[in-house]
Amino acid sequence: MSNPLADMEKPDVIFAIGTNMTECHPVAATRLKKAIANNAKLIVVDPRRIRLAEMADVYLPIRVGSDVALLLAMAHVIQREGLLNKAFMEERTTDAEAFLEHIKEFTPEWAAEITEVPAKDIEQAAIWYGEAERGSIFYTLGITEHICGVDNVQSLCNLALMTGHIGREGTGVNPMRGQNNIQGAGDCGAVPGNFPGFQACNDPASVEKFSKLYQTPIDAGKGITKVTALNECGKSIRAMIIDGENTVVSDPDRKHCEHALKSLDLLVVIDIFRTETADLADVVFPATSWGETDGVCTNTERRVQRLRAAVPAVGEAKPDWWIVSEIAKRMGVPGFEYDSAKEVFNELCSISPIYNGLDWDRIDKSEYQWPVPDKDHPGTPMLHEGEFKNGRGVFKVLGYRDPAEVIDDEFPIWLTTGRRLQAYHTRTQTGRSAGIDYLLPEELLEIHPDDAVALNLADGDTCKLSSRRGSLEIKVKTTDQSPRGTVFASFSFADVPINILTGSGYDPVTETAELKVCAVRVETLA
Amino acid sequence: MIALKETPQIATMNIDGISVEFTEGETVYEAAQRVQQSIPTLCYDPRLEAFGACRLCVVEVEGIRNPVASCTTKATAGMVVKTKTPAIEKHRKTLLEMVASENRQVDVDPLRGFASQELTSLVVDYDAKTGRFQGKQSGKTNTDDKNPFILRDYDNCISCYRCVRVCAEQEGDFAINVMNRGFETQIITEFGNDLRDSSCTFCGQCVQTCPTGALADMKALRAADKPGEIKKTRSICPYCGVGCSVDILSKGDSIVGVQPAMDGPANEGALCIKGQFAFDFVQHDDRLKKPLIRRDDGELHECEWEEALDFTAAGFKAVREEHDRHAIYGIASGRAPHEAAYTMQKFIRAGFGTNQIDNCSRA
Ligand code: SF4
Ligand code: SF4
Ligand code: FES
């Protein structure tokens, strides 16, 4: 997030798009509710009539995957209505002319055709966001899990740059991170394009720095992404080590993924449970769990916080860092003589410019949000204040593209996927916590009552759900949360592996899977 | 457009002979707290709009005839306040005796909730005898609510409305409300249903703010009979990216519950159902306890660490020799701590000189 969580109580216009915040980030949502109670206007964009939509001042139930069209039209209206923040654009952005010219053709009427929401609602949303004193954008995977995920994010940035809703209290472009330490994994350099602290792998100075630190010449240039690596399994990729991820259930296109992992010479899995992915491994290491492990995590507002062990580990489980270090030492890799999590973290701080001012003891009270470049630095609750990291904010000219897969006669219904409040990912944790079943016993396909009638299905019936990649059986729940023509399910239950259906395409830049859209057919059981 | 608050003015008042600076808009209670003049409260929760129901926090203000509730009275410049005169202390004791005698049970297990000891400790501090007003008891237990998380034991309810207020003001859910008055008072859901059938999200905030344990954490209470002290360990919730601060409750070697950290910067005392109630996966029987290795029968079998580690190291070496160093790929976790992700990327970079590393954020 560009802005701190506490800021969520401060906008006067909230633009929530592709985020089911009350279910996925409930505590953050309580802050938005406070802003709303304080008379902030709420604009919600989501194909499903989620709880947030019920609270909205204007709700845009767009067709899945049509976000860019909507955002182009909003930009169009903001310009047409004279709501540009010219001073901000002048001072802090570049490439505005081409962008402003480009959006002239994308009228709300044009977008209404694609998004299937009324032009007047698009206008209303644009005007409110444009007129806001403090407009703030929130999004999650509903924006990124598309073939055009990067375009979606960029389109949101364009809106913020036109209106100057960034770098000030109560504004910003704020993605909400889904997992407790997904931000941290990136901070630590567990990405193919960056060393720790976002030092780029194609920057010669960084390559030299890390080659020296790690006493090994390291390739200049990016590695391949996980998605490509899975495609390459059994070909150029022969061995894999996976830590704490149930890849087989959480990734798109399950069959492909299973096949990939099975074709490896060596699959090593570190986890706390024997997951479906661990079942395919040659070796499985038992890791210590949350509650048993000392360590550090970074939240969605870049706050660096301490995790503390409350109880001893079960059985012979060991911390992940210890397991990886032992393997490394046995291979003769230098630099893995750690005695504690503290030593590992302090090494990270010493080589990461955004953590240079931190160490194990300093983060004891959760006070710091990175970047913290030196020990005198108070931390950075808000990014882009006064200046963007790379100088000026760049407007990007981009156009609308259809999803990788669109509905047709054979697969006439859109399927979109997501999460539910009571379950977390593939339920390896929540599924093993007493009582959760009382509220969420099984996976259900959410379908509009009219569609159910047309398909001859009633609440509780089991239907056959198929896509071009596979099919499964799932119980039906009628609800007008689902728009007509679109059904919804989560990927939380391993016995209803929704990911055998998804996986139609990937964003060309980030290779994020288009989990939010695919074309399906719903049938009664023969 | 809503303007942000201006920087408020600073003024001075006097509390128990101490000169206290306060900012405009602060209450007498807040000002007193800052100079450690402790005033007892029951219906007060610093996160909520002051309510002024229990009258325990009354103080004397010079020039005003009757004592005023310090939690609702705004501080004014030059105000002279006394927080502990004999008359006020006597009034407090009587109030506590009344409250205590209405309640079936004053001594409740601290596992019930974060604030569950508030009434108990006040009764002890004021030596408030519980027998004096023996008679009618307020409230009504709704123990037939079958939800497995929240015990609704309204025999212990003192009508401070903290649960109703926290649900509305903090959680924004408006799942519960108050019906009737006086001894008939009841906290109910809309239509008097079970919580599951209301708009309740099982965030547990009502449980944690309840000062008597009338609302209680049923999962934690499973460990009520377990011997040992309750230990609290400050940590961060293992689920989403909000990063709520929690206290893990443990007895001996068992995790028995979770309470929100009221001073957690991301959550300020709030949690959701996952952070609040989904902690027992940690000590679930399914946990892996030893390394597993695939043997000739094609199945995974438990083995010793040495064997698993040596096998793995040898396996990576073999792949590097037979293919090349780019043939090895690492996927770090978005749920494990930094140290896991850091060592994993270092293993790939230092071990093979490649950038063949990613994490699970792409799916
Ligand atoms: S658990 Fe949360 S939502 Fe439910 S009644 Fe209590 S405060 Fe309200
Ligand atoms: S308590 Fe809920 S909102 Fe808070 S970090 Fe955990 S999962 Fe996220
Ligand atoms: S705390 Fe002030 S009236 Fe209850």
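First the proteins, then the strands, lettered A, B, ... as listed; each starts at 1.
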Please classify the contact between [X] and chain B as side chain, backbone, both or neither, with a heavy-atom cut-off of under 4.5 Å.
{"X": "A:Lys342", "result": "neither"}
{"X": "A:Ala6", "result": "neither"}
{"X": "A:Asp187", "result": "side chain"}
{"X": "A:Leu348", "result": "both"}
{"X": "A:Leu5", "result": "side chain"}
{"X": "A:Cys233", "result": "neither"}
{"X": "A:Ile323", "result": "both"}
{"X": "A:Val284", "result": "both"}
{"X": "A:Gln183", "result": "neither"}
{"X": "A:Arg306", "result": "backbone"}
{"X": "A:Thr430", "result": "both"}
{"X": "A:Val283", "result": "both"}
{"X": "A:Phe195", "result": "both"}
{"X": "A:Asp265", "result": "side chain"}

[X] and [Y]: side-chain donor and acceptor closer than 3.5 Å?
{"X": "B:Gln170", "Y": "A:Lys34", "value": "yes"}
{"X": "B:Thr354", "Y": "A:Asp219", "value": "no"}
{"X": "B:Tyr329", "Y": "A:Glu232", "value": "no"}
{"X": "B:His338", "Y": "A:Thr298", "value": "yes"}

Report yes or no: does [X] contribute a side-chain atom to a donor-acceptor pair with the main-chain N or O of [Y] at less than 3.5 Å?
{"X": "A:Asn299", "Y": "B:Val242", "result": "yes"}
{"X": "B:Thr233", "Y": "A:Ala310", "result": "no"}
{"X": "A:Arg308", "Y": "B:Arg234", "result": "yes"}
{"X": "B:Arg287", "Y": "A:Ala287", "result": "yes"}
{"X": "A:Trp290", "Y": "B:Arg335", "result": "no"}
{"X": "B:Lys346", "Y": "A:Gly335", "result": "yes"}
{"X": "B:Asp358", "Y": "A:Val191", "result": "no"}

*Does the pair B:Asp286/A:Arg432 count as a salt bridge with the N-to-O cut at 4.0 Å?*
yes

*Can we say B:Glu306 and A:Arg330 salt-bridge, meaning some charged N sits less than 4.0 Å from an Asp/Glu carboxylate O?*
yes

*Could you go step by step and tell me if A:Ile182 and B:Asn359 meet the side-chain contact (heavy atoms from CB on, under 4.5 Å) rule?*
CA-CA 8 Å; A:Ile182 197 72; B:Asn359 64 66; 3.6 Å; yes

*Run the salt bridge (charged side-chain N to carboxylate O under 4.0 Å, His left out) check on B:Glu268 and A:Arg31 step by step: do they pass?*
CA-CA 10 Å; B:Glu268 295 167 355; A:Arg31 295 194 186 256; 3.8 Å; yes

Nearest-0.5 Å distance, [atom1] of residue [X] to [atom2] of residue [Y]:
{"X": "B:Cys360", "Y": "A:Lys226", "atom1": "SG", "atom2": "NZ", "value": "6.0 Å"}
{"X": "A:Ile436", "Y": "B:Phe277", "atom1": "CD1", "atom2": "CZ", "value": "9.0 Å"}
{"X": "A:Ser211", "Y": "B:Arg349", "atom1": "OG", "atom2": "CZ", "value": "10.5 Å"}
{"X": "B:Thr343", "Y": "A:Trp322", "atom1": "OG1", "atom2": "CH2", "value": "12.5 Å"}
{"X": "B:Phe352", "Y": "A:Ile218", "atom1": "CZ", "atom2": "CD1", "value": "12.5 Å"}
{"X": "B:Ile328", "Y": "A:Ile241", "atom1": "CD1", "atom2": "CD1", "value": "10.5 Å"}

Taking every non-hydrogen atom, the tightest pair across [X] and [Y]:
{"X": "A:Asp243", "Y": "B:Met344", "value": "CB-CE, 3.6 Å"}
{"X": "B:Gln345", "Y": "A:Gly189", "value": "CB-O, 3.5 Å"}
{"X": "A:Ile327", "Y": "B:Thr312", "value": "CD1-CG2, 3.8 Å"}
{"X": "A:Glu316", "Y": "B:Lys290", "value": "OE2-NZ, 3.0 Å"}
{"X": "B:Ala336", "Y": "A:Asn181", "value": "O-ND2, 3.0 Å"}
{"X": "B:Asp280", "Y": "A:Ala434", "value": "OD2-N, 3.0 Å"}

If you tally heavy-atom pairs under 4.5 Å against chain A, which of [options] wins?
{"options": "B:Cys244, B:Ser250, B:Ala308", "value": "B:Ala308"}
{"options": "B:Ile293, B:Leu300, B:Asn267", "value": "B:Leu300"}
{"options": "B:Gly243, B:Ser245, B:Pro291, B:Ala341", "value": "B:Pro291"}
{"options": "B:Val319, B:Asp310, B:Leu309", "value": "B:Leu309"}
{"options": "B:Phe279, B:Phe149, B:Phe347, B:Tyr239", "value": "B:Tyr239"}

Find out whether [X] and [Y] are in side-chain contact, i.e. whether some heavy atom of one side chain is under 4.5 Å from a heavy atom of the other.
{"X": "B:Ser333", "Y": "A:Glu245", "answer": "no"}
{"X": "A:Ile272", "Y": "B:Phe281", "answer": "yes"}
{"X": "A:Cys297", "Y": "B:Pro337", "answer": "no"}

_For A:Tyr438, does the six-membered ring have the charged nitrogen or CZ of B:Arg196 within the cation-pi criterion, i.e. under 6.0 angstrom from the centroid and within 45° of the normal?_
yes

_A:Glu326 and B:Trp305: CA distance, side-chain angles, deciding distance, side-chain contact (heavy atoms from CB on, under 4.5 Å) verdict_ = CA-CA 10 Å; A:Glu326 284 303 309; B:Trp305 275 96; over 6 Å; no

_Partners passing side chain to side chain contact (heavy atoms under 4.5 Å, CB included) against B:Ser254 (at least two apart in sequence or in another chain)_ = B:Lys226, B:Val256, B:Gln283

*Heavy-atom distance under 4.5 Å to chain A: side chain of B:Phe202, backbone, both or neither?*
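The side chain, not the backbone.
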
*Would A:Gln429 and B:Lys274 satisfy side-chain contact (heavy atoms from CB on, under 4.5 Å), going step by step from the backbone distance to the final call?*
CA-CA 10 Å; A:Gln429 295 174 7; B:Lys274 293 185 282 284; over 6 Å; no

_Between B:Tyr342 and A:Glu347, is the side chain to side chain donor-acceptor pair (under 3.5 Å) condition met? List the steps._
CA-CA 9 Å; B:Tyr342 179 75; A:Glu347 175 177 314; 2.6 Å; yes

